[in-house]
Amino acid sequence: MPYEPPTHTVERSLRATTGAKVVAGVDEVGRGAWAGPVTVCAAVTGLRRPPEGLTDSKLLGVKKRTALAGTLAEWVTSHALGHASPEEIDQLGMTAALRLAACRALEALPVRPDAVILDGKHDYLGAPWQVRTVIKGDQSCVAVAAASVIAKVQRDKMMAELGVYHADFGFAANAGYPSPVHRAALEMRGPTPHHRLSWAYLDALPQWRHLKKVRSWADGSVPKIEGQLGFDF
């Protein structure tokens, strides 16, 4: 299926309107998985012409995506990954876990970005970062597309490595997302140490339901940002 290649339009706009010199593209992967971390990549690309075929990682086949990630690792000016573990997701909720992972990625860059292009509609980063949200930014913005590909390939690799020790779950194929193999293994064996235990899938597993964790905050309320992304987990 043909697609329009990403551009530097948003980055040029940010540079012109804010004076930003270093702009990072940020994208996540693993938000909807049942197991494994949520992973965020921050990538700085400058305004150079991107490698051919760059687009949202979800539009690329495994071989092409993997090869492109190798090219991007050398092509980008800099990039860094941040992760939030299943335990952190259970404790904080997905919105706060995304922010934690994104901050870890951004703070690991060799130069702190002046501005961030964040894929999606909602700004889960907030202050002190200067953020421009872009719906489908992983398709339209070069830096976000680069972050998308790198994050996806690196997290898939992590999940495949975890799958060596939990072969029945098929992590190498499903990356921790629900699949028939994953569901069957959960029903028979229960969650692994890499599963998110605060999620609703455990409600459908009576023999393992006792393992479900319920998040709570000190004041008994849910932070205002929690739930604003429209997820139903």
Side-chain angles (χ1 to χ4, degrees), residues 5-15 17-18 20-33 36-48 50-51 54-60 65 68-69 72-73 75-85 88-89 92-156 158 175 225-226 228-231:
T7 69
H8 295 295
T9 300
V10 176
E11 181 168 341
R12 291 182 188 278
S13 173
L14 272 172
R15 287 169 175 256
T17 58
T18 70
K21 294 182 178 180
V22 179
V23 179
V26 169
D27 198 17
E28 56 74 28
V29 64
R31 184 168 56 187
V38 62
T39 296
V40 173
C41 180
V44 177
T45 66
L47 299 176
R48 293 171 297 148
L54 178 63
T55 188
D56 173 15
S57 63
K58 296 186 292 294
L59 300 179
L60 300 170
R65 184 169 61 226
L68 185 57
L72 287 169
W75 176 81
V76 298
T77 303
S78 61
H79 77 279
L81 293 164
H83 311 279
S85 69
E88 289 170 328
I89 294 169
L92 301 172
M94 181 52 72
T95 301
L98 278 170
R99 186 177 195 278
L100 181 63
C103 288
R104 285 170 173 168
L106 288 164
E107 290 167 357
L109 290 170
V111 178
R112 185 181 178 90
D114 302 309
V116 175
I117 305 173
L118 184 63
D119 181 51
K121 180 179 179 181
H122 297 279
D123 176 11
Y124 57 78
L125 265 173
W129 305 99
Q130 181 169 257
V131 177
R132 175 78 61 85
T133 57
V134 179
I135 297 173
K136 294 188 177 180
D138 48 11
Q139 296 182 35
S140 61
C141 302
V142 171
V144 180
S148 168
V149 173
I150 295 171
K152 171 65 174 168
V153 170
Q154 289 300 314
R155 186 180 181 279
D156 282 358
M158 291 173 60
I225 193 171
E226 182 65 21
Q228 290 181 0
L229 300 188
F231 308 140

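With contacts defined as side-chain heavy-atom distances shorter than 4.5 Å, the pair Leu72/Pro51 qualifies. Contact annotation: the side chain of Arg15 approaches that of Leu47 to within less than 4.5 Å [non-hydrogen atoms, C-beta and beyond]. When side chains are defined from C-beta on, Thr17 counts as touching Arg132, because their heavy atoms get closer than 4.5 Å. Between Arg104 and Val40 the shortest side-chain heavy-atom distance does not fall below 4.5 Å.
Of the residues Val149, Leu81, Val153, Val144, the one that meets the side-chain contact (heavy atoms from CB on, under 4.5 Å) test with Cys41 is Leu81.
Qualifying salt bridge (charged side-chain N to carboxylate O under 4.0 Å, His left out) partners for Arg12, counting only residues two or more places apart in sequence or in other chains: none.
Across Asp27 and Ser148, no two heavy atoms sit closer than the pair OD2-CB, 3.1 Å. Nearest heavy-atom pair, Ala80 versus Ala105, reported as atom, atom and distance to 0.1 Å: CB-O, 3.3 Å.
Under the 3.5 Å distance criterion, the side-chain polar atoms of Asp114 are matched with a main-chain donor or acceptor of Lys21. In this structure, the side chain of Thr39 does not engage the main chain of Val29 through any donor-acceptor pair within 3.5 Å. No donor-acceptor distance shorter than 3.5 angstrom exists from the side chain of Glu11 to the backbone of His8, with no hydrogens or angles considered. When atom types are taken as modelled, the side chain of Arg155 and the backbone of Ala175 share a donor-acceptor pair closer than 3.5 angstrom. Put simply, the side chain of Asp56 never gets that close to the backbone of Asp138: no donor and acceptor are under 3.5 Å apart.
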What do the steps show when you test Gln130 against Thr18 for side-chain contact (heavy atoms from CB on, under 4.5 Å), and what is the final call? CA-CA 9 Å; Gln130 181 169 257; Thr18 70; 3.4 Å; yes
